[in-house]
Amino acid sequence: MANRRTKVLFFGATADAVGSRELEFSIDETTTANFLIVLLSQQHPALATHRLLVAVNEEYADADTVLTDGDEIAIFTAVSGG
Amino acid sequence: MANRRTKVLFFGATADAVGSRELEFSIDETTTANFLIVLLSQQHPALATHRLLVAVNEEYADADTVLTDGDEIAIFTAVSGG
Amino acid sequence: MSDADFTELTTEPIDITSVARRVVPPECGATVTLDGYARRLTKDKQTGETRETDHLVYEAYEPMAIKEMQKLVEEVKAEFEISNVGIVHRLGKLEIGETSVVISVASPHRRAAFAACEWLIKELKRTVPIWKKEVYADGEVWIEGEASEPPA
Amino acid sequence: MSDADFTELTTEPIDITSVARRVVPPECGATVTLDGYARRLTKDKQTGETRETDHLVYEAYEPMAIKEMQKLVEEVKAEFEISNVGIVHRLGKLEIGETSVVISVASPHRRAAFAACEWLIKELKRTVPIWKKEVYADGEVWIEGEASEPPA
């Protein structure tokens, strides 16, 4: 149980909102991406002003996905390349 | 009536067929582009092996168009630019 | 044709980037560009055989070709919601891989730019008096277009 | 993806011509290229006001962006009869007028190239994790896309 960790990446508007491009979190076997978003939104209310998308290990994922040890999460706004 | 003349231009396959890029013809008030094509085809049978298009004064025209003094005719094959 | 549109014939190599850039008005965010180029392998339409081309030669009835290209620009701007159009066609001898034609369309809406560019190349191949000669190791032939009657 | 396809992110200026040329196989005679570029004037979607941009900054989740672009190439080649595809997206700071993205599609049939290129830019804007920041004289804003739910 101990030492499960997940890396969370931020880009663009979400990086500005949390003031960081990468954070690490301890997780347990029930932690979801959405749980981390709620946690982060409490510390950084600007984050909650955006509609957020989630990727787990470089693939789009549902925010309810349960995370596992070593996962790389990314939290970002709707993409605007092109 | 005298001295009505028309310039006839050839391009690509038609220039090769008649061995010239430009010829001048005397015309009367009934001369059509088609008449010139028939005349030229007798002298240069290779011309008759092509389906020919006609332009009069830089505009597509019917081969039956009656020519007038000073007209610039062009006789060429279906275009193949691009 | 507005001042921002252009139709040109050139015997110099064509740079796609600069054609695409010249059609851009400040409010547009995208251009669609068609470029054709001299290809090495062509299929004979009668025999179905593949021939290897050494180089191409393009020839135009220049003043009429410019007029016909300008007509296409007028028509496409009347028909589609686009900003600017540029058409540049190469003439003379082209080595394999060199650009023969570039058509660029700038538009506030991508869809119109794609549709307009596609229409322009189709019509250019049908109406603009330019001819292509394919030169092979053992001969050459002036390619004749597919139009079955004079363009309207 | 075949060896002739490519998906790249670069902080260097993009040359449209060279992207268009790289997708060309010997049997194809035309490429269709979409290029987007940094525009000076943009319209605010909420207020409808026109704003003047000083420059742009593009940022990507790079490994995922490459993966998503590669998926688009796989999909478009399964769906359309095309030969090769190249996608290059610029990252970092872009001055006004600089190219942000180039998508080139080579195809034996023009129609498929137009359709495939149009599909690719639509999907790239929807799925590839790249973000654009518009920097004005008096502020800046990260643009958020229109996707109302995560890409499937």
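Here is the naming used below: chain letters follow the sequence lines, and residue numbers restart at 1 for every chain.
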**Q** Show me the donor-acceptor pairs within less than 3.5 Å that the side chains of residues 7-14 of chain D make with the rest of the protein, sequence neighbours left out.
**A**
unit_1, atom_1, unit_2, atom_2, d
D:E8, OE2, D:R22, NH2, 2.8
D:T10, OG1, D:E12, N, 2.9

**Q** Quick check: under 4.5 Å, non-hydrogen atoms only, which of residues 61-73 of chain D neighbour chain A?
**A**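 Residues D:Y61, D:P63, D:M64, D:K67, D:E68, D:K71 are the ones that qualify, each having a heavy atom under 4.5 Å from chain A.
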**Q** Sequence neighbours excluded, which residues qualify as side chain to side chain contact (heavy atoms under 4.5 Å, CB included) partners of A:L23?
**A**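 So A:L23 forms a side chain to side chain contact (heavy atoms under 4.5 Å, CB included) with A:F10, A:S20, A:F25, A:L40.
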**Q** Of all heavy-atom pairs between A:V79 and D:T127, which one has the smallest distance, and what is that distance?
**A** CG2-N, 4.0 Å
**Q** Heavy atoms under 4.5 Å from chain A: which residues of residues 110-125 of chain D carry them?
**A** D:I121, D:L124, D:K125
**Q** Hey, what do you get for CZ (A:F11) to CD1 (D:I130), rounding to the nearest 0.5 Å?
**A**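 Rounded to the nearest 0.5 Å, the CZ-CD1 separation comes out at 11.0 Å.
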**Q** Quick one: CD on D:E134 to OG on A:S80, what's the gap to the nearest 0.5 Å?
**A** 8.5 Å
**Q** Does any backbone or side-chain atom of D:E59 lie under 4.5 Å from a heavy atom of chain A? Answer side chain, backbone, both or neither.
**A** side chain
**Q** With a 6.0 Å cut-off (strictly less than), is the heavy-atom count around CD of D:E81, excluding the residue itself, greater than 12?
**A**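 For D:E81, atom CD is not crowded (no more than 12 foreign heavy atoms under 6.0 Å).
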**Q** Checking heavy atoms, do the side chain of D:W142, its backbone, both or neither come under 4.5 Å from chain A?
**A**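 Side chain only.
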**Q** Does D:H89 use its side chain to pair, donor to acceptor, with the backbone of A:G82 at less than 3.5 Å?
**A**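 Indeed, once roles are kept as given, a pair shorter than 3.5 Å links the two residues.
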**Q** Please look at A:D16 and chain D and tell me whether the side chain, the backbone, both or neither of the residue comes under 4.5 angstrom of a heavy atom of that chain.
**A**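 Contact with chain D: side chain only.
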**Q** Taking the side chain from D:W131 and the backbone from A:T77, do they hold a donor-acceptor pair closer than 3.5 Å?
**A** yes
**Q** For D:E74, is the CD atom crowded, meaning more than 12 foreign heavy atoms sit under 6.0 Å from it?
**A**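 Enclosed.
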